[in-house]
Each structure stands twice: as C-alpha cells, then as structure tokens.
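Below is one structure, written out as structure tokens; comments come after it.
Lettering follows sequence order; numbering is per chain, from 1. These numbers were taken from a predicted model, which means no experiment stands behind them. Just the heavy atoms: all of them, side chains too, but no hydrogens, waters or symmetry mates, feed the values below.
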2 protein chains.
Amino acid sequence: MSPKCCPAPPPIDPAADPDETLARLAKALAHPARVKILRFLLEREDCMAGGIVQELPLAQSTVSQHLKVLREAGLIYGEVDGTRICYCADRERIEQLGALLTGLTTLSYA
Amino acid sequence: MSPKCCPAPPPIDPAADPDETLARLAKALAHPARVKILRFLLEREDCMAGGIVQELPLAQSTVSQHLKVLREAGLIYGEVDGTRICYCADRERIEQLGALLTGLTTLSYA
DNA sequence: ATCGTATATCGATGAAATACGATAATGATG
DNA sequence: CATCATTATCGTATTTCATCGATATACGAT
C-alpha cells in the first residue's frame with residue numbers, strides 16, 4: 001500500500017479537537033494549486049514527484065511553498081534526497097478529512 | 001428534509017472545475033470558527049440561527065463576516081428577516097465536498 | 001573539483017484574511 | 001413614534017497568504 005520510497009507517515013493524533021483538525025486540513029486544501037499537487041501525487045502510486053513544477057504555471061519556489069503547506073498539514077509526507085524528492089500523498093489523512101466531514105453532517109441524525 | 005424557514009438552496013454547478021470547487025469549499029471551512037458555526041447549524045434541524053454569536057468568543061461583526069464566507073461558498077443559505085436570521089447548512093454542498101475528496105483519493109484506482 | 005540539475009529557504013511585496021468597534025438597517029415592542 | 005434587539009456593513013489595523021527572484025544546498029555526472 002504505502003510506497004517504498006517514503007518513510008512511514010506520522011500517526012494521526014486522536015486527541016486533537018475535531019473542529020481544529022478539520023479547519024487545519026481544509027486550510028491546506030484551500031488553494032487550487034495544492035489540490036492539483038495532491039491529485040498529481042495521488043495519480044502515481046510510486047509517489048515520484050519530480051516534475052510537479054512542470055505541471056503548474058508557478059515558479060519553482062512557489063510550488064515548494066505549497067508542498068511545505070501540504071507537508072505541514074500531514075497531507076503529504078516524504079523525504080528529499082539531495083536532488084530528488086519523494087513525496088507521497090497520505091491517503092489516510094485525506095480519509096480522516098472525509099471522516100471529519102461525515103461526522104459533521106451525521107451529527108444531528110446520530 | 002429542507003427546513004421551512006429557508007428558501008431553496010442554489011443549485012450546484014456541474015461544469016465548474018473540480019479542483020477549483022474543492023479548493024473553494026475547503027477554503028470556506030478553513031477556519032475553526034466557521035466549522036463550529038456549521039456544526040451549530042447542522043445540529044438544529046430547524047436552522048434557527050439566532051444565538052450563534054453567543055456560542056463563539058468573537059465579536060458580532062466577526063461572526064457575521066464568517067457567516068458571509070460560508071454563505072458565499074454555498075455551505076449555508078437562508079435569509080435575514082429584519083432582526084431574525086434563518087440560516088441553514090446546505091448538507092448537499094457539504095456532501096459535494098466529501099464527494100470531491102473521494103473522487104480525489106479513488107482516482108488512481110479507477 | 002566543477003558543473004548541472006533539482007529542491008529548499010530567504011527576503012520583499014502585494015493581496016487577502018481576520019478581527020474589532022462604530023454605524024446603519026430592519027423588525028418587534030412599548 | 002421611540003426604543004430595543006439583532007444582523008449587516010463600513011472603516012481600519014494587524015496578520016497571514018501567495019508569489020517571485022535570488023540564493024543556498026545537495027547530489028550526480030563529467
């Protein structure tokens with residue numbers, strides 16, 4: 001499931017406030033470029049990421065910034081090996097976002 | 001299903017770019033106060049909203065601003081009747097966000 | 001050791017978000 | 001009609017975001 005080139009993703013903190021967590025994850029997705037980056041990473045199972053810059057009409061430094069935001073939110077993880085990066089989308093984290101959303105909508109029916 | 005005090009929610013535009021839409025909706029949720037507001041509205045099926053200000057440690061004008069953001073993103077809808085507001089959470093829109101998320105993660109398995 | 005490539009970080013800048021108080025608008029109430 | 005209660009809007013200060021170019025860093029190849 002999880003590709004070889006990346007270390008294990010950090011665990012999800014169950015004690016965190018759901019509203020804060022939801023807002024935090026949503027914020028990381030709150031930019032089209034970051035959604036596209038995430039989609040790009042999700043599309044290739046081997047999580048090779050060299051070439052993200054070419055996919056977007058943005059400067060390299062800007063893309064790097066967006067990657068940082070995604071990384072800090074835990075939506076992607078990985079490592080940089082000198083000249084090569086190996087980022088992976090953390091599906092579990094994305095599913096956590098989905099679960100938080102579902103938890104929101106099913107509240108009143110519980 | 002949809003409460004009486006609110007008009008019909010605006011329809012969802014199917015032609016919009018999914019990444020833009022996802023980012024737009026996520027952005028509206030990218031603040032804890034707005035998540036709390038949404039949760040508050042989802043909790044009461046009758047969508048009465050008088051009292052949101054009391055739920056949050058924020059000035060009334062700030063809450064109004066957050067409501068505006070949610071409204072413009074289509075996550076809530078409703079009308080103001082002078083001294084009384086009647087906002088409803090748009091469950092369909094929230095589910096659209098969930099669907100866009102799912103569409104993202106299931107991409108490579110399609 | 002030098003060059004080339006790929007990524008991250010820094011610094012600056014303009015745009016947008018967040019917050020508040022003050023004010024306006026609108027209905028309800030006396 | 002005057003007043004109260006509730007919400008929206010305006011003006012403004014502060015912070016955060018987005019973007020870029022320039023520079024730093026790390027590795028591979030020559």
Side-chain angles (χ1 to χ4, degrees), chain A residues 3 5-7 19-20 22-38 40-41 44 46-89, chain B residues 5-7 17 19-20 22-38 40-41 44 46-89:
Chain A
C5 67
C6 292
D19 288 352
E20 300 277 347
L22 177 44
R24 189 176 131 85
L25 291 174
K27 189 170 189 174
L29 272 184
H31 195 289
R34 290 198 287 271
V35 176
K36 286 188 203 312
I37 289 172
L38 201 58
F40 184 79
L41 288 178
R44 38 223 86 209
D46 61 343
C47 86
M48 252 305 293
I52 292 182
V53 176
Q54 282 70 32
E55 297 289 315
L56 297 167
L58 294 171
Q60 178 265 326
S61 56
T62 304
V63 173
S64 190
Q65 272 297 118
H66 284 307
L67 285 167
K68 187 178 183 180
V69 172
L70 288 169
R71 195 172 357 112
E72 285 175 349
L75 286 167
I76 68 176
Y77 62 101
E79 44 186 27
V80 179
D81 208 27
T83 169
R84 223 144 258 252
I85 57 173
C86 179
Y87 279 133
C88 305
Chain B
C5 67
C6 293
D17 174 32
D19 288 351
E20 300 278 347
L22 177 44
R24 191 175 131 86
L25 291 174
K27 189 172 190 174
L29 272 184
H31 195 290
R34 290 198 287 272
V35 176
K36 287 188 203 311
I37 289 172
L38 202 58
F40 184 79
L41 289 178
R44 39 223 87 210
D46 62 343
C47 86
M48 253 305 292
I52 293 181
V53 175
Q54 282 70 32
E55 297 288 315
L56 296 168
L58 294 170
Q60 178 266 326
S61 57
T62 305
V63 174
S64 189
Q65 271 297 118
H66 283 307
L67 285 168
K68 186 178 184 180
V69 172
L70 288 169
R71 193 168 3 107
E72 285 176 350
L75 285 168
I76 68 177
Y77 62 101
E79 45 187 26
V80 181
D81 209 26
T83 170
R84 222 145 258 252
I85 56 174
C86 178
Y87 279 133
C88 305

Original post:
Rounded to the nearest 0.5 Å, what separation is found between the CD atom of E72(A) and the NZ atom of K27(A)?
Top reply: 11.0 Å
Original post:
For R84(A) and dG4(C), what is the distance between atoms CZ and P respectively, to the nearest whole Å?
Top reply: 18 Å
Original post:
How close or far is atom P of dA8(C) from atom CD of E72(A), stated in whole angstroms?
Top reply: 12 Å
Original post:
Can you tell me how far the CG atom of L56(B) sits from the CD1 atom of I37(B), to the nearest 0.5 Å?
Top reply: 5.5 Å
Original post:
Hey, is the main chain of G78(B) close enough, under 3.5 Å, to the side chain of R71(B) for a donor-acceptor pair?
Top reply: no
Subject >> From dA8(D), dT7(C), dT9(D), nucleotide with atom closest to K68(B) side chain >> reply: dT9(D)
Subject >> Qualifying side-chain hydrogen bond (donor to acceptor under 3.5 Å, both in side chains) pairs with a residue from residues 50-65 of chain A, counting only residues at least two apart or across chains >> reply: none
Original post:
Atom CD of E55(A) and atom C1' of dT7(C): how far apart are they, to the nearest Å?
Top reply: 17 Å
Subject >> Below 4.0 Å: OP1/OP2 of dA6(C) and any side-chain N or O of Y87(A) >> reply: no
Original post:
What is the distance, rounded to the nearest whole Å, between atom CG of L56(B) and atom P of dA19(C)?
Top reply: 10 Å
**OP:** Encode nucleotides 14-21 of chain D as B, S and - characters from 5' to 3', where the letter depends on protein heavy atoms closer than 4.0 Å: B to the base, S only to sugar-phosphate, - to neither.
**Re:** ---SSBBB
Subject >> Atom-pair distance (CG on L67(A); C1' on dT7(C)), nearest Å >> reply: 9 Å
Original post:
Partners of R84(A) by side-chain hydrogen bond (donor to acceptor under 3.5 Å, both in side chains), sequence neighbours excluded?
Top reply: none
Original post:
Does dT30(D) pair with anything, Watson-Crick or G-U wobble, both distances under 3.5 Å, and if so, with which nucleotide?
Top reply: dA1(C)
Original post:
Does the C86(A) SG fall under 2.5 Å from that of C6(A)?
Top reply: no
Subject >> Interatomic distance where CD1 belongs to I85(B) and C1' belongs to dA28(C) [whole Å] >> reply: 16 Å
